[in-house]
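Index from 1, following the sequence.
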Amino acid sequence: GLIIAIFDDLKLSSTWKISQKRIIAFAKSLQQNYDSTNPYHNFHHAFDVLQTVYVIIKTANLTSIFTPLDVLAICIGALCHDVNHPGLTNAYQSNAQTKLSKLYNDKSILENHHCSRAFDLLENPETNLVENLTPEQFKEFRKMMIHVIMSTDMAFHFELTTKFSTKLESHHGTGPVFQNTVLEDRSLLLAVVIHAADVSNVAKPWKIAKMWSDRVF
């Protein structure tokens, strides 16, 4: 119900003609693709990240900067960003030379895996949330969603925060820092929002923050 409410409030359902039945089918299938025995990287975390992305978008009025396609990409990306997470880090995958590390050549191993599984779900006619996109729109959506999920790789944390800080510090005009007509601006902001949402537990009320911290350890 809450995923539907978020999609409705952000006008994703109406803009992209996504039925409630399709959203429910997607959510159920996605939940089945998350490992329920994984204490942290599970479907609850996925929804938590979506809800946080939603709050940031609404609070900061980011729909004035993001395109409707950007919003679709970051919301679906938030839900899918850890799908089928095995519970072991990229460093472990690489050091152990797992099948995933060999498949993705040690580059953002888990994030590539999450992207792949996410688009498998979107290819299924019963769970395809983007079937009404034109080929050109889907090409752009895919590019942005991959960008969103890749931005959750902690290996890029300092690179991303440096880019964001530099962008803010270099702005001396009276206009907005981020321009909705500049792809690079929107791409950076998408990356910052998803990354912030992914590691936002420490910014939540103590009871919630402690619960998630306990799950890590």
Decide yes or no on side chain to side chain donor-acceptor pair (under 3.5 Å) for R117 and N33, but give the supporting numbers first. CA-CA 8 Å; R117 293 302 290 263; N33 276 270; 2.7 Å; yes
Passes side chain to side chain contact (heavy atoms under 4.5 Å, CB included), D106 versus Q97? Steps please. CA-CA 9 Å; D106 295 332; Q97 283 293 285; 3.8 Å; yes
Would I65 and D185 satisfy side chain to side chain contact (heavy atoms under 4.5 Å, CB included), going step by step from the backbone distance to the final call? CA-CA 9 Å; I65 299 175; D185 283 3; 5.9 Å; no
Using the rule given for side chain to side chain contact (heavy atoms under 4.5 Å, CB included), can you reason through C75 versus L12, listing the C-alpha separation, both sets of side-chain angles and the distance that settles it, and then say yes or no? CA-CA 9 Å; C75 286; L12 296 176; 3.9 Å; yes
With side chain to side chain contact (heavy atoms under 4.5 Å, CB included) as the criterion, how do I3 and Q51 come out once you've worked through the C-alpha distance, each side chain's angles and the decisive distance to 0.1 Å? CA-CA 8 Å; I3 295 176; Q51 191 270 341; over 6 Å; no
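Side-chain atoms of H81 and D198 include a donor-acceptor pair closer than 3.5 Å. Side chains of H114 and H85: a donor-acceptor N/O pair is absent below 3.5 angstrom, by distance only.
When every heavy atom of E111 is checked against every heavy atom of T152, the shortest pair comes out as CG-OG1, 3.8 Å. The heavy-atom pair separating C80 from L30 by the smallest distance is SG-CD1, 4.0 Å. Of all non-hydrogen atoms in A209 and V202, the two that sit nearest each other are CB-CA, 4.4 Å. Nearest heavy-atom pair, P68 versus W16, reported as atom, atom and distance to 0.1 Å: O-NE1, 3.5 Å. Scanning all heavy atoms of the two residues, the minimum distance from A78 to V49 falls at CB-CG1, 4.0 Å. M145 approaches A118 most closely through the heavy-atom pair CE-CB, 3.6 Å.
Residue Y40 forms a side chain to side chain donor-acceptor pair (under 3.5 Å) with just one option from D82, N201, D214, and that option is N201.
Interatomic distance, CG of L122 versus CD1 of I76, reported as 5.5 Å (0.5 Å rounding). Atoms CD1 and CZ, on I74 and F66 in that order, are 5.0 Å from each other to the nearest 0.5 Å. Here the straight-line distance linking atom CD1 of I109 with atom NZ of K107 works out to 10.0 Å at 0.5 Å rounding. Here CG of L72 is found 10.0 Å from CG of L10. Values are rounded to the nearest 0.5 Å. Rounding to the nearest 0.5 Å places CD1 of I56 at 14.0 Å from CG of N61. I6 CD1 to S13 OG: the interatomic distance, rounded to the nearest 0.5 Å, is 11.0 Å.
The backbone N or O of S108 sits less than 3.5 Å from a side-chain atom of N112, completing a donor-acceptor pair. Distance alone, capped at 3.5 Å, is enough to place a donor-acceptor pair between the S170 side chain and the K167 backbone. In this structure a side-chain-to-backbone donor-acceptor pair under 3.5 Å is present from Q137 to T134. The backbone N or O of E131 sits less than 3.5 Å from a side-chain atom of N128, completing a donor-acceptor pair. Judged purely by atom type and a 3.5 angstrom limit, N38 has no side-chain atom pairing as donor or acceptor with the backbone of D35. Remark: the backbone N or O of A203 is not paired with any side-chain donor or acceptor of S200 at under 3.5 angstrom. With hydrogens and angles disregarded, a donor-acceptor distance shorter than 3.5 Å links the side chain of D70 to the backbone of T67. For the pair T127 (side chain) and A25 (backbone), a donor-acceptor distance under 3.5 Å is absent. No donor-acceptor distance shorter than 3.5 angstrom exists from the side chain of S165 to the backbone of T162, with no hydrogens or angles considered. A donor-acceptor pair is defined here as one N or O able to donate and one able to accept, closer than 3.5 Å; no such pair exists between the side chain of S94 and the backbone of A91.
By the 6.0 Å contact criterion, NZ on K163 is open, its count of non-hydrogen atoms from other residues, nucleotides or ligands being 12 or less. The number of heavy-atom neighbours closer than 6.0 Å to NE2 of H147, taken from other residues, nucleotides and ligands shown, is above 12. Other residues, nucleotides and ligands place more than 12 heavy atoms under 6.0 Å from the NZ atom of K204.
Using the six-membered ring where Trp is involved, F138 and F119 have ring planes that are perpendicular, over 60° apart on the 30 and 60° scheme. Between F43 and Y34, the ring planes are perpendicular. Angles over 60° get that label, and only those under 30° would be called parallel. Aromatic ring orientation, H41 versus H45: perpendicular (interplanar angle above 60°, classes split at 30° and 60°).
Side-chain atoms of D9 and Y54, non-hydrogen and from C-beta on, do get closer than 4.5 Å to each other. Considering only heavy atoms from C-beta on, Y104 comes within 4.5 Å of L100 through its side chain. Counting heavy atoms from C-beta outward, M154 and V199 have side chains that approach closer than 4.5 Å. In this structure the side chain of Q93 reaches within 4.5 angstrom of the side chain of P86, judged on heavy atoms. In this structure, I208 and P205 have side chains that are in contact, with non-hydrogen atoms separated by less than 4.5 Å. With a 4.5 Å cut-off on side-chain heavy atoms, Q31 and N42 do not count as touching. In this structure, I4 and F7 have side chains that are not in contact, with every pair of non-hydrogen atoms separated by 4.5 Å or more. Between K99 and L103, every side-chain heavy-atom pair lies at or beyond the 4.5 Å cut-off.
For E126 and R22, the salt-bridge test fails: no basic side-chain N is under 4.0 Å from an acidic carboxylate O.
Note: the hydrophobic cluster containing L110 does not contain I149 (ILVMFWY, side chain heavy atoms under 4.5 Å, direct or indirect links). A continuous path of Ile, Leu, Val, Met, Phe, Trp and Tyr side chains, each step under 4.5 Å between heavy atoms, connects M144 with V192, placing both in one hydrophobic cluster. Side-chain heavy atoms closer than 4.5 Å link hydrophobic residues (I, L, V, M, F, W, Y) into clusters, and following such links, possibly through other members, connects I57 to L2. In the hydrophobic clustering of ILVMFWY residues, with side-chain heavy atoms under 4.5 Å counting as a link, V182 and L189 come out apart. One hydrophobic cluster, built from ILVMFWY side chains closer than 4.5 Å, holds both L188 and L69.
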